[in-house]
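Below is one structure, written out as structure tokens; comments come after it.
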Amino acid sequence: MPPGEPALLERDGALRSLAAALARPPVIVVVEGEPGIGKTSLVHRALAQAAPDARRLVGAAHPTLTGCPLGPVIEAVAAARPAPARPLNAVTGALRPVLPDLAGVLPPPPPPLPDPHLARHRLVRAMAALLAGLGPAVLVLEDLQWADRATLELVRMLGARPPPELSVVVTCAPPAALTEAGPDAVRLRLPPLSPDGTRRLAEAVLGEPETTLPRHVADVLHARSAGVPLAVREDVRLLRRRGLLRPVDGRWVLGAQELAEAVPPRIAAQVLARIGRLEGAGAAALEAAAVLAEAAEPEPVAAVAGLDADRACAALAEAVRHGLLREQDTGGTAVRFRHELARLAVYRAIPGPRRRRLHALAARELARSGRTGLLVAAAEHHRRAGDVPGWAACAAAAAERAAAEGAFETAHALLQEVLRAGAVTGDRRTELAVRLGWAAPGCADRAGTTAALLADARRRAAAPERRAELLVLWAWSLLDGGASRREMERAAAELYVRLGALMPYPELYAIALTVLAAPDRLPGHALPVQLGYLDRARAALAQTADPMAHAAVLTGTAHSLLACGDPKGWAAAEALPDRTDRPEVNRQLLHGLLDLAEAALHLGHYARGLEFLERARRLAAATRITVHGPRLRAIALRIRWTMGQADAAEGPQEPPSRQSLALRLVSAQICAGQGRMEEARRALRAVAEEAHEIGELAVAAHAVAELNKAALSAVHRRAGRALARRVLAELAGKQIWVWAAPLLPFVPLDLVEAVLPRYREALAGRDAPLARAALELAEARLSERRGDAERAAAGYRSARRRYAALPDPRMAAQACLGEARCRLAAGQAVDAELLRRTWRTLTELGELRDADRLKQLMRTAGLPVPHRRGRPGYGDRLSPREQEIAALAASGRTNGDIAAALCLAERTVKYHLANAMRKLQVSNRRQLRDALEAGASHICRCARCGRGLNPS
């Protein structure tokens with residue numbers, strides 16, 4: 001083990017059990033686990049703890065020793081050359097021919113026996129007698145899945161009549177169960193590392209404490225290695241050496257494009273050596289399983305390998321016995337490779353021409369099933385076989401089946417690949433482009449590839465109806481996919497100009513008008529005009545029974561009404577059907593429910609937003625439509641975070657590269673609340689600018705509000721002011737004033753004063769509790785600036801109650817701060833209990849910066865400052881302040897960020913951090929994070945520090 005790498009991870013329980021067993025001889029312990037799982041490291045660590053003075057005899061079985069009776073035991077005894085502690089039985093003389101190293105202490109050999117079975121049994125008895133005469137000893141036999149019959153007979157004999165001072169530890173790999181150890185044997189099974197254990201081991205191998213390994217990268221490493229420590233180490237070293245795993249801005253970044261080419265030589269050599277011990281049929285079946293990639297059933301393996309069913313089953317069983325394959329955990333007859341690296345090792349070793357032939361056979365076999373998943377796999381096999389026409393035909397058939405089953409992401413990806421490759425021409429290309437357009441809504445397409453393919457197909461289409469359909473689908477894909485402002489304006493202008501040409505096709509005409517009426521796109525289009533489009537769309541529905549057109553108009557109408565706070569939007573939302581028998585219509589209903597949930601979020605109706613999400617979840621579960629899954633999770637996280645629910649404080653689980661604007665906004669808000677101000681400002685500005693550019697004005701308003709709140713310097717304030725002016729101007733043109741609610745509490749007061757009359761007038765008749773709370777707070781801000789502290793305090797109090805009723809605890813705390821500040825200015829007493837409750841709320845929500853602002857206000861008011869009390873002295877334990885600073889440092893914050901967040905001097909932060917690292921016996925921030933994670937759930941006695949960490 002290289003220095004600095006943890007020898008054992010997630011093995012504390014197994015280590016304690018093994019050490020406890022060895023401390024009470026006689027005993028037989030069986031340690032089971034995958035090759036490379038860490039059995040040897042565990043055994044030697046336990047020996048060092050429980051039997052440091054015992055005589056050790058260590059041997060290992062090998063496939064080459066299977067014909068040598070007692071091969072691993074003879075190897076162990078010969079290497080140790082032990083001197084017997086007591087006189088030996090005469091039968092031990094039978095060992096003289098095989099143990100010449102001990103000829104000086106062994107009795108004379110007995111006469112030979114004519115029966116080889118009797119001779120082997122006497123040899124086993126002799127070895128058992130020799131081991132019994134050695135005194136205190138530990139016999140370690142490794143890899144007994146390769147053991148010969150005599151060794152297994154010896155293990156059975158020692159289990160039945162164990163010598164009083166002998167401990168036996170044997171290791172084996174599944175599926176060998178080693179029943180010879182007997183029912184009284186202690187059995188330990190070592191599982192693979194968890195994804196978190198894989199991450200910690202990978203970081204240790206990489207050896208750069210200041211660079212963190214993101215969760216999604218660790219998940220890829222775990223998927224490749226299945227959590228086998230040896231495979232993790234070798235894989236990480238290879239990826240680092242090839243530059244596929246590299247540090248960027250303090251995080252490890254993984255280049256996924258060439259991962260299939262990266263197989264650690266040591267892992268490949270082990271796998272290929274095992275293949276060499278298989279018979280011809282076994283090697284052929286293993287190659288077929290490697291080409292099929294996923295869990296392989298005997299039937300397709302037999303077809304691809306050219307074997308009959310019986311020989312294929314026997315070959316797969318042999319591969320399982322040799323530890324190359326394992327049976328599926330779910331039961332059945334399917335098998336799969338131990339881990340992905342093993343499969344890649346076999347796959348890369350297949351010569352190119354044979355590999356292409358196997359792919360062609362796999363494609364033909366899988367296409368016969370007609371199942372969507374297997375059709376998708378068959379298309380990929382056609383592509384790898386170099387059969388472009390076969391690939392295109394199979395991919396198109398798989399896409400059609402996937403769309404019919406609601407798997408629109410799969411259909412979208414397959415059709416996009418076929419069209420990009422130019423694998424079809426003429427009318428067939430037009431047909432597939434139309435199917436791509438109908439599959440596209442909701443699918444991620446940040447590069448705008450779908451819109452480009454649809455535009456190209458529209459230019460080539462001959463039939464007017466096809467051109468009209470492709471026009472609508474092209475504009476829809478641009479407006480749905482987050483295209484740039486210029487592209488959206490161009491699409492909207494062309495769609496508007498050609499509305500007359502769409503009138504002969506009422507279903508397309510209605511959908512086109514609904515696309516033009518989307519409130520969260522086309523920022524320069526006023527909502528009253530867009531509502532007029534919806535009136536025309538509803539009129540067009542009288543001429544068509546197309547269910548997709550009806551669903552699009554109904555969901556669009558409900559969304560537009562609710563987006564501006566029109567109470568009629570609730571009735572329109574309730575009128576939406578729960579489910580239909582058409583997958584594309586169900587997808588549109590699901591999209592509409594998410595639009596409604598987001599509109600409810602912006603209005604402040606959080607509970608009703610969660611109700612829409614629940615309807616969407618039920619619909620998605622019933623129809624198995626997953627295309628909107630990321631958006632559903634993002635909206636749910638935003639609502640829960642706004643409501644102050646504890647499970648949302650951890651933020652998004654998706655990697656940054658896959659986060660939507662809404663998720664990036666939440667991540668930035670969490671950063672700001674925790675005091676990571678520079679990181680938060682960068683993220684907020686990027687989100688605000690991008691959201692403003694694509695017309696996501698509600699998201700832009702939230703981001704700009706947080707940016708103004710986080711502004712500390714004049715530069716920051718100027719940037720926040722400029723963005724606030726732009727967003728307010730867009731909202732004025734759009735005439736959706738309820739979306740300005742997040743801005744009024746934080747943007748400069750001259751901007752608030754300029755828009756407040758129109759904002760107040762626009763709220764008349766609107767059902768928008770968040771906007772009304774923001775109005776109260778904005779008016780209180782203006783009163784405070786004019787010096788009317790008493791009126792301002794009353795306004796802040798009213799705003800606090802409105803925000804608390806939503807509930808929005810963070811904004812209620814902001815209003816509470818303003819109320820207390822104004823009451824102090826007016827010479828009035830403040831509510832100490834209210835301030836303490838607010839401080840506890842902010843602390844629990846992780847809003848450390850606002851919590852410290854409140855503490856400063858309480859000091860000004862002469863009130864006791866709340867804090868977590870502890871004992872006067874802490875000894876080797878962390879004090880509360882040390883815990884707080886250590887946690888912030890472990891999360892990646894700099895000393896300057898911590899000082900700003902906790903309102904401390906940077907020198908004070910350094911002092912407490914140094915004390916915490918000294919107490920935990922760590923030397924860098926990554927080790928600090930590991931120590932805190934370990935101490936959070938148990939008393940850790942880890943390999944690195946060897947001491948206990950008390951979580952208190």
Side-chain angles (χ1 to χ4, degrees), residues 371-373 375-380 383 391-424 427-458 460-461 465-483 491 507-508 511-512 514-515 518 546-549 551-552 555 580-592 594-595 616 619-620 623-632:
R371 288 157 49 191
T372 303
L375 278 175
V376 174
E380 178 63 15
R383 190 178 67 81
W391 163 64
C394 193
E400 184 175 7
R401 181 66 59 85
E405 295 177 356
F408 295 102
E409 294 158 302
T410 301
H412 178 260
L414 289 169
L415 292 169
Q416 198 179 79
E417 272 195 83
V418 171
L419 292 171
R420 287 178 62 188
V424 290
D427 292 342
R428 181 62 171 163
R429 182 176 180 85
T430 302
E431 177 191 348
L432 294 187
V434 168
R435 285 163 53 185
L436 172 68
W438 287 114
C443 296
D445 186 38
R446 296 183 181 179
T449 305
T450 296
L453 290 170
L454 293 175
D456 177 73
R458 181 181 158 217
R460 299 168 183 262
E465 183 178 355
R466 286 300 198 192
R467 287 200 301 272
E469 190 172 10
L470 286 167
L471 167 65
V472 174
L473 294 173
W474 166 73
W476 195 358
S477 69
L478 282 174
L479 297 176
D480 182 67
E507 64 282 353
L508 295 178
I511 291 175
T514 305
V515 169
D546 183 70
M548 185 63 186
T555 55
T580 72
D581 58 356
R582 297 277 295 272
E584 68 276 12
V585 176
N586 289 327
R587 177 190 57 183
Q588 182 61 31
L589 291 173
L590 184 57
H591 174 78
L594 296 181
D595 283 342
L619 178 58
T623 58
R624 293 184 294 182
I625 294 175
T626 61
V627 66
H628 292 300
R631 187 179 175 213
L632 190 153

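Since we're looking at a predicted model, the values are computed, not measured.
Residues satisfying the salt bridge (charged side-chain N to carboxylate O under 4.0 Å, His left out) criterion with R624, sequence neighbours excluded, are absent altogether. Residues that satisfy the side chain to side chain donor-acceptor pair (under 3.5 Å) test with E507, not counting sequence neighbours, are absent from this structure. A search for side chain to side chain donor-acceptor pair (under 3.5 Å) contacts involving E431 returns R428, not counting sequence neighbours. Here R460 pairs with D456 under the salt bridge (charged side-chain N to carboxylate O under 4.0 Å, His left out) rule; sequence neighbours left out. In this structure D427 satisfies the side-chain contact (heavy atoms from CB on, under 4.5 Å) test with no other residue, sequence neighbours excluded. The side-chain contact (heavy atoms from CB on, under 4.5 Å) test applied to A413 returns no partner, not counting sequence neighbours. A search for salt bridge (charged side-chain N to carboxylate O under 4.0 Å, His left out) contacts involving R458 returns E494, not counting sequence neighbours. In this view, H591 and H628 satisfy the ring pair (Phe, Tyr, Trp, His ring centres under 6.0 Å) rule, not counting sequence neighbours. Listed by chain and number, the residues in a side chain to side chain donor-acceptor pair (under 3.5 Å) with E380 are R383, R384 (sequence neighbours excluded). Applying the side chain to side chain donor-acceptor pair (under 3.5 Å) test to T623 and every residue at least two apart in sequence or in another chain returns nothing.
Between T449 and R420, the shortest heavy-atom contact is CG2-CD, 3.5 Å. Taking each heavy atom of L478 and A451 in turn, the nearest pair found is CD2-CB, 3.6 Å. Contact detail for D581 and P583: the closest heavy-atom pair is O-CD, 3.8 Å. Contact between S477 and T450 at its shortest, heavy atoms only, is CB-CG2, 4.3 Å. Scanning both residues, I511 and A552, for their nearest heavy atoms gives CG1-CB, 4.3 Å. The nearest pair of heavy atoms linking A616 to L590 is O-CD1, 3.2 Å.
Contact annotation: the side chain of L589 never approaches that of R582 to less than 4.5 Å [non-hydrogen atoms, C-beta and beyond]. In this structure, the side chains of T580 and P547 stay at 4.5 Å or more apart for every pair of heavy atoms. The side-chain heavy atoms of R435 and L473, taken from C-beta on, include no pair separated by under 4.5 Å. Within the 4.5 Å cutoff, no side-chain heavy atoms of V418 are placed close to those of L436. Inter-residue side-chain proximity for P441 and F408 is flagged as unmet; no heavy-atom pair is nearer than 4.5 Å.
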If you look only at distance, which donor and acceptor atoms sit under 3.5 Å apart when one is on a side chain in residues 391-402 and the other is two or more places apart or in another chain?
{"from": "R401", "atom 1": "NH1", "to": "G370", "atom 2": "O", "distance (Å)": "2.4"}

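Rounded to the nearest 0.5 Å, atoms OG1 (T430) and CG (L470) are 7.0 Å apart. A distance of 11.0 Å separates OG1 of T555 from CG of L594, quoted to the nearest 0.5 Å. Note: T410 OG1 to L375 CG = 11.5 Å, rounded to the nearest 0.5 Å.
Between E469 and R466 there is a salt bridge, since a side-chain N of the basic residue sits under 4.0 Å from a carboxylate O of the acidic one.
The salt bridge (Lys or Arg N to Asp or Glu O under 4.0 Å) analysis of residues 402-417, with sequence neighbours excluded, yields no pairs.
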